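Keep in mind that this is a model prediction, so the values were computed, not measured. Both counts, for ligands and for their atoms, begin at 1 and track the order of listing. All residue numbers refer to positions in the sequence shown, counting from 1.
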Amino acid sequence: MMIDPDMLSDPIDRAADILSKARSVVALTGAGISVESGIPPFRGKGGLWEKMDPMEVAHIDAFMQDPERVWNLLIKDMKTVLDKARPNPAHTGLVELERLGKLATVITQNVDGLHQLAGSGDVIEFHGNFAWQRCMECGRLRRTAEVDLTRIPPQCDCGGILRPDCVFFGEMIPTEAMVRSQQVSAGCDVMLVIGTSATVQPAASMPFIARDNGARVIEINPEPSPLTGRISNLPLLGDAGRIIPQLVEAVKERLDSP
Ligand code: NAD
Ligand code: ZN
């Protein structure tokens, strides 16, 4: 078997080489990038999956059948955790990459708003944002942080039930987010895939679109995903909060002394 000499060098160095020469970089992020901000993911180590089946509880049919149950099992705890979550070094590292001209757009599957809070300039929210709750009767929006939880499910003044203004399993992706994500995925020459199990469609198809249009796909995750070795040819195995700052430093060194 031939061993590619490239394979012998440090993966962070190889990724930094690729990024420093890149023309247009896009990141696809998932729940894993926010784990170090104290938000549990659905799958993987410490994921909610171990306690319940999110595909069932976070499905629109489950919510419509019994909003009280879904509020009690999932949404109430999410509110408590997300109300106080702050960006971690992975989020701020992506902001630095953007300042270096090495990240144009973040497509995120997360609903926690942490990329924006960290300062990322162009964030596509593929699954909406948990910061707002929408009345299912009159459509009025109110801030999640201001919703009173003494009565579950919480209600609007009009008596309608409140639901998070994000995409449940079984619901459509907002059209603009879908179209822009496909465009930027097709147009990038490097895609960073960070902290996603790459199992939730159609978000998981973005790395395929990037790859089909000639982009290099670099993955940052402590565990391999279904993309690893097939779509992503460069896995950086480890926690995003540790790997991304190292990657940013290595890119800076190369840009400072080309
Ligand atoms: P997922 O829960 O399916 O997978 C999480 C992935 O993150 C796993 O592959 C795991 O190995 C990896 N991971 C764990 N710790 C990590 C770390 N420190 N650094 C990097 N990677 C780490 O997540 P998903 O693919 O985003 O799909 C879940 C769906 O649930 C998404 O659609 C999302 O909308 C929603 N969700 C959002 C949040 C949030 O907003 N923070 C949290 C949970 C779930
Ligand atoms: Zn209402």
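When side chains are defined from C-beta on, His59 does not count as touching Phe168, because their heavy atoms never get closer than 4.5 Å. Ser37 is listed as a side-chain neighbour of His91, based on a closest heavy-atom distance under 4.5 Å. At least one side-chain heavy atom of Gln182 sits less than 4.5 Å from a side-chain heavy atom of Met206. At a threshold of 4.5 Å between non-hydrogen side-chain atoms, the residues Glu171 and Phe63 do not count as touching. In this structure, Glu98 and Asp122 have side chains that are not in contact, with every pair of non-hydrogen atoms separated by 4.5 Å or more. In this structure, Arg254 and Asp13 have side chains that are in contact, with non-hydrogen atoms separated by less than 4.5 Å. Using a 4.5 Å cut-off on side-chain heavy atoms (C-beta onward), Arg180 and Thr105 make contact.
The residue among Asp112, Val167, Leu236 with a heavy atom at the shortest distance from atom 39 (C) of ligand 1 is Asp112. The option from Glu223, His127, Glu125 that lies nearest to atom 31 (C) of ligand 1, judged by heavy atoms, is His127. Of the candidates Leu237, Val81, Val200, Val200 brings a heavy atom nearest to atom 27 (O) of ligand 1.
By the 3.5 Å distance cut-off applied to N or O atoms, Ile39 is not counted among the residues near ligand 1. Taking only nitrogen or oxygen atoms, main chain and side chain alike, Ala31 reaches within less than 3.5 Å of ligand 1. For ligand 1, one of its N or O atoms has an N or O atom of Val111 under 3.5 Å away. On a distance-only criterion, Phe42 and ligand 1 share at least one N/O pair closer than 3.5 Å.
Minimum heavy-atom separation, Gly93 to Val248: O-CG2, 3.5 Å.
Within ligand 1, counting atoms from 1 as listed, the ones closer than 4.0 Å to a heavy atom of Pro41 are 2 (O), 5 (C). Contact atoms of ligand 1 toward Gly30: 26 (O) (distance under 4.0 Å to a heavy atom of the residue). Within the listing of ligand 1, atoms 42 (C), 43 (C) sit less than 4.0 angstrom from a heavy atom of Pro40.
Rounding to 10°, one obtains 120° for the angle at the Zn ion (ligand 2) between SG (Cys158) and SG (Cys138). With the Zn ion (ligand 2) as the vertex, SG (Cys135) and SG (Cys156) define an angle of 110°, rounded to 10°.
Contact annotation: Pro222 has at least one heavy atom less than 4.0 Å from an atom of ligand 1.
Using the six-membered ring where Trp is involved, Phe169 and Phe42 have ring planes that are tilted, between 30° and 60° apart.
Remark: Arg69 engages Glu56 in a salt bridge, criterion side-chain N to carboxylate O under 4.0 Å.
Using a 4.0 Å cut-off between heavy atoms, Thr196 contacts ligand 1 through both its backbone and its side chain. Residue Ala240 touches ligand 1 through backbone and side chain together, judged by heavy-atom distances below 4.0 Å.
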